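Written out below as structure tokens is the structure these notes cover.
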2 protein chains.
Amino acid sequence: MTVVEESLKRVRAGSSKAQNNEESTYRQISSAILEQRLAPGTKLTEEVLGEIFNVSRSVIRRVLTKLSFEKVVELRPNRGAVVASPTLEEANQVFEARRLVEDAVIRSCVERAEKQEIAALKKLVSAELDCNRTGDRIRWIRLSGEFHIELAKLAGNQLLVDFLTDLVAQTSLAIALYGQSNGSICGDDDHQNIVEAIEAGDAEKAARLMLKHLSECQASLTTREQHTSEDLRAIFSKS
Amino acid sequence: MTVVEESLKRVRAGSSKAQNNEESTYRQISSAILEQRLAPGTKLTEEVLGEIFNVSRSVIRRVLTKLSFEKVVELRPNRGAVVASPTLEEANQVFEARRLVEDAVIRSCVERAEKQEIAALKKLVSAELDCNRTGDRIRWIRLSGEFHIELAKLAGNQLLVDFLTDLVAQTSLAIALYGQSNGSICGDDDHQNIVEAIEAGDAEKAARLMLKHLSECQASLTTREQHTSEDLRAIFSKS
DNA sequence: TCATCGAATATTGTGTACAATTTTACCGTG
DNA sequence: CACGGTAAAATTGTACACAATATTCGATGA
């Protein structure tokens, strides 16, 4: 590559926002599932998705592969991809793993969290409460998951952050399948109380609240009739 | 598909062992890394690997993608794959995560393990000790990892099994990078003692031994000079 | 009516050609 | 001889054609 070409490249990288189609497609499909706009069991046909996002089938294929590693999508050999449908048994294992991880995470948070970080958590919780009031369920689901992941980041172990991120995603699927459709999924101010315990430096209380929070959420799961989403195009036209 | 074709397919599926090239390639590359025959940092050129295993570049590409999700290889955009080189910091996080998971796992094992399963563990430990005696380091590395994963399977949570499997793989890389090249990696009869504590139904002791085992292994890590493997063909000719 | 078959269609799987990028090797210049 | 710079080679990235497989649907006969 000549010197001229190299500098041209730097200019382009800086100005254009490199609108990374694969990453963007990944985020949109992932969000649609985690925000429960795409129901578990929904067929994800490669060509249809490719047309929706205006990318080639190979891009869709890579995205679906990644989602399948996160257990958000199930890849059935020769039969294509569907939004994953964890069994109730698997859902319970998700909560068991979360209790294990998040108990450790929150104790570490109490030790490590700085004033500034606690302020950020409060802001997140406040945004959650707003969503509750305005009935913005979709945003609430997202923020609620982010709260747990944010705690894990504070705890400082990237492996646990990654693992918990997958667990949170699977929790969303579990709730879509087994959660009470009416009523709230878990206590409205659970997160608020947890932040207060962190701020007070009370590790035992924070851990107790977290475990209670998770167990209550798990206990609210129950089998019920299920139906899948049909029209992919309609669903993604909103996003 | 006609009736005739369908039955033909069943016959083939039963008789031929479907020698699944992709799966086999995955296992061979994965094993070579985990058994430390391929050093961290070694470049994994797609075409070379394709020639070695007699598969197309697309197969190699999928295999490398999978290994990268397991954090066993690093995929550098436009610059190809290398055997992953976790930093010392990352290695410490691996051990931190392992202590968390394996403490829970072993307590669950003590509660759940049946006589038969304990016998299987003993057999595994005995095979490990054999390797120590005969100096079969490669097999020892494999069995040693399997011991931990077997415990996780007994504990009964598939998510923890999968997570720990990744952690064990990364441990192998960490030891390759930061372990003492001479001398043993960890206490020869640590595993044996753990099984005995499980058999005695002593959860506290089993957990204490496990945490000590992991911490000692972690403590033995230290930075030292590194060099990568060169000749991929020579390495895979042995397997 | 219902089950079964099989052709037609739809969808997924894979190798390969070509594009984009990086790496290497070489050359002239100070 | 070191230091850019350039062209050539090597390597990775991606779309697409075609193969393999699954699904749909109308026809046929018990």
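Chain letters run A, B, ... following the sequence lines, proteins first, then strands; residues in each count from 1. Nothing here was measured: the structure is a model prediction, and the numbers come from that model.
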Inspect the contact between A:E90 and A:K71 and indicate whether a charged nitrogen and a carboxylate oxygen are less than 4.0 angstrom apart. no
Rounded off to whole Å, could you give me the CD-to-C1' distance for the B:E46 and C:dA20 pair? 14 Å
By salt bridge (Lys or Arg N to Asp or Glu O under 4.0 Å), which residues pair with B:E146, not counting sequence neighbours? none
d(CD, A:E23; P, D:dT14) in whole Å: 13 Å
Using salt bridge (Lys or Arg N to Asp or Glu O under 4.0 Å) as the criterion, list what pairs up with B:R79, not counting sequence neighbours. none
Any residue meeting side chain to side chain donor-acceptor pair (under 3.5 Å) with A:N92, in chain and number order, not counting sequence neighbours: A:Q218
Looking at DNA chain C, which of residues 72-83 of chain B put a heavy atom within less than 4.0 Å of it? B:N78, B:R79
B:F95: what forms a ring pair (Phe, Tyr, Trp, His ring centres under 6.0 Å) with it, not counting sequence neighbours? none
Atom-pair distance (CD on B:E47; P on C:dT22), nearest Å: 19 Å
Using the salt bridge (Lys or Arg N to Asp or Glu O under 4.0 Å) criterion, which residues pair with A:E35? Sequence neighbours excluded. A:R37, A:R142
Which residues pass the salt bridge (Lys or Arg N to Asp or Glu O under 4.0 Å) test with A:R57, sequence neighbours left out? A:E46
With B:Y178 via ring pair (Phe, Tyr, Trp, His ring centres under 6.0 Å) - residues at least two apart: none
Does anything in residues 55-70 of chain B come within less than 4.0 Å of DNA chain D? Heavy atoms only, and list the residues if so. B:R57, B:R61
Side-chain N or O of A:K43 versus OP1/OP2 of D:dT23: is the shortest distance under 4.0 Å? no
